[in-house]
Amino acid sequence: MNTKTISQTTERKKHQLLFLLITYALLILTTRILLTKTIFMGFLVWNLFLAIVPYTALLQIKKNACFWTFKTLLVTFVWLSFLPNSFYIITDLVHLTKSDKSIIWLDIPMICLFSLIGFILGLESILRFEEILLKNMSSILRKTLIVCISFLCGFGIYIGRILRFNSWDIVQQPANLIRNIITEVFTSSGILFSIHFGLFIYLIYVSYKFFK
């Protein structure tokens, strides 16, 4: 079995595992809806969809032989804009305060599972992006860029969780989004939040990469 075949087999198994995890997460959510007769945690499906977008965009980047083309750079921008969504789901744990105590035993593992899927999608896409950079960038510049991406994700989570913007606002209300980013980027809360989550994402990424 050659290297290409092994790579394709591994890729297929990864996607099968992701499909299994997503199916199980949706099954738990469906069970919750049936038990409570509410769709309170239904937002997790949308958040998961937003986490899948950057992973899909990254797969498109890998198909292009040349990185420095307008199309590839445009897809890279889309990837980076949506990437924070992969790690954002973990902040949905705040909604546990609104959970009924009789059902919290279901809510905790459910949100953790959605978060785990998001993290896998995010970490895998950063890892694949770094593999693309291996051919196009020096080692120091590549590592620096990965650190910057991690902290940008931290700031992206701040924009989403605290400022309540989402990735679509880049198109829907760009002026308002840019104005708020400029206002918040130098505030102590914005800086501390971004550093905290950025460092968290980077350390998880380094650990994930090491154990792989």
Side-chain angles (χ1 to χ4, degrees), residues 18 21-22 24-26 28-29 32-33 36 38-58 78-101 103-127 129 146-170 172-173 176-178 180-181 183-208:
L18 279 169
L21 289 172
I22 290 171
Y24 182 50
L26 294 176
I28 297 176
L29 179 58
R32 187 194 193 282
I33 291 172
T36 61
T38 68
I39 56 170
F40 169 57
M41 290 287 184
F43 57 81
L44 288 169
V45 177
W46 176 247
N47 288 347
L48 182 59
F49 168 75
L50 293 178
I52 293 172
V53 171
Y55 182 79
T56 305
L58 203 281
V78 173
W79 170 74
L80 187 57
S81 299
F82 280 84
L83 184 60
N85 292 299
S86 300
F87 309 107
Y88 173 88
I89 303 177
I90 195 172
T91 65
D92 284 326
L93 287 167
V94 300
H95 295 292
L96 288 174
T97 57
K98 300 176 183 177
S99 291
D100 190 317
K101 285 183 171 55
I103 204 74
I104 200 166
W105 57 270
L106 194 64
D107 287 349
I108 292 175
M110 180 179 66
I111 296 176
C112 287
L113 181 56
F114 273 90
S115 176
L116 173 65
I117 297 168
F119 260 80
I120 291 173
L121 290 168
L123 296 172
E124 274 292 315
S125 63
I126 294 177
L127 185 62
F129 186 68
I146 296 300
V147 172
C148 291
I149 287 172
S150 299
F151 284 102
L152 282 173
C153 283
F155 186 61
I157 295 171
Y158 178 78
I159 292 172
R161 174 53 63 193
I162 307 301
L163 303 185
R164 306 307 296 159
F165 285 99
N166 60 61
S167 301
W168 303 111
D169 289 321
I170 295 173
Q172 292 180 339
Q173 45 178 330
N176 190 27
L177 177 60
I178 292 171
N180 275 272
I181 288 175
T183 303
E184 293 292 331
V185 72
F186 297 113
T187 62
S188 58
S189 59
I191 292 171
L192 289 173
F193 189 102
S194 303
I195 290 175
H196 170 58
F197 270 93
L199 187 59
F200 176 68
I201 291 167
Y202 181 71
L203 290 176
I204 294 293
Y205 172 70
V206 171
S207 302
Y208 181 76

Quiz item: Rounded to the nearest 0.5 Å, how far apart are CZ of F114 and CD1 of I22?
Solution: 9.0 Å

Practice problem: Start with the C-alpha gap between T36 and M41, add the side-chain angles, then the distance that decides, and say whether side chain to side chain contact (heavy atoms under 4.5 Å, CB included) holds. | Solution: CA-CA 11 Å; T36 61; M41 290 287 184; over 6 Å; no

Quiz item: To the nearest 0.5 Å, how far apart are NE2 in H95 and CG in D107?
Solution: 11.0 Å

Practice problem: Before giving the answer on side chain to side chain contact (heavy atoms under 4.5 Å, CB included), spell out for I120 and Y55 the whole-Å C-alpha distance, their side-chain angles and the decisive distance to 0.1 Å. | Solution: CA-CA 10 Å; I120 291 173; Y55 182 79; over 6 Å; no

Practice problem: Identify the heavy atoms of P54 and S86 that sit nearest to each other, and give their distance. | Solution: CG-OG, 3.6 Å

Self-check item: Shortest non-hydrogen separation from I201 to S150 and the atoms involved
Solution: CD1-O, 4.1 Å

Practice problem: Nearest 0.5 Å please: distance from the OG atom of S207 over to the CG atom of L123. | Solution: 9.5 Å

Quiz prompt | Sequence-distant partners of S81, side chain to side chain donor-acceptor pair (under 3.5 Å), two or more places apart | solution = none

Exercise. Name all residues meeting the ring-ring contact (aromatic ring centres under 6.0 Å, His included) criterion together with F193; count only those two or more places apart in sequence or in a different chain, and write none if there are none.
Key: Y158, F197

Quiz item: Yes or no on side chain to side chain contact (heavy atoms under 4.5 Å, CB included) for I149 and F129, after CA distance, side-chain angles and deciding distance?
Solution: CA-CA 11 Å; I149 287 172; F129 186 68; 3.8 Å; yes

Quiz item: Any idea which heavy atoms bring Y24 and L113 closest together, and the distance?
Solution: CD2-CD2, 3.4 Å

Quiz prompt | L83 and F87, any side-chain heavy atoms less than 4.5 Å apart | solution = yes

Self-check item: Atom pair OG (S125) and CG (L80), whose distance is rounded to the nearest 0.5 Å
Solution: 10.0 Å

Quiz item: Does CG belonging to L93 count more than 12 external heavy atoms closer than 6.0 Å?
Solution: yes

Self-check item: side-chain contact (heavy atoms from CB on, under 4.5 Å) partners for N85, two or more places apart
Solution: L50, F82, S167

Quiz item: Rounded to the nearest 0.5 Å, what separation is found between the CG atom of L106 and the CD1 atom of I111?
Solution: 10.0 Å

Practice problem: Indicate the atoms forming the closest heavy-atom contact of I104 with P109, along with that distance. | Solution: O-CD, 4.4 Å

Exercise. Would you name the heavy atoms of G118 and I89 that are closest together and state the gap between them?
Key: CA-CD1, 4.3 Å

Quiz item: Does W46 have its ring centroid less than 6.0 Å away from the ring centroid of F43?
Solution: no

Exercise. May I have the step-by-step check of side chain to side chain contact (heavy atoms under 4.5 Å, CB included) for Y88 and D92, ending in yes or no?
Key: CA-CA 8 Å; Y88 173 88; D92 284 326; 4.1 Å; yes

Quiz item: So how far is it from I90 CD1 to R161 CZ, rounded to the nearest 0.5 Å?
Solution: 11.5 Å

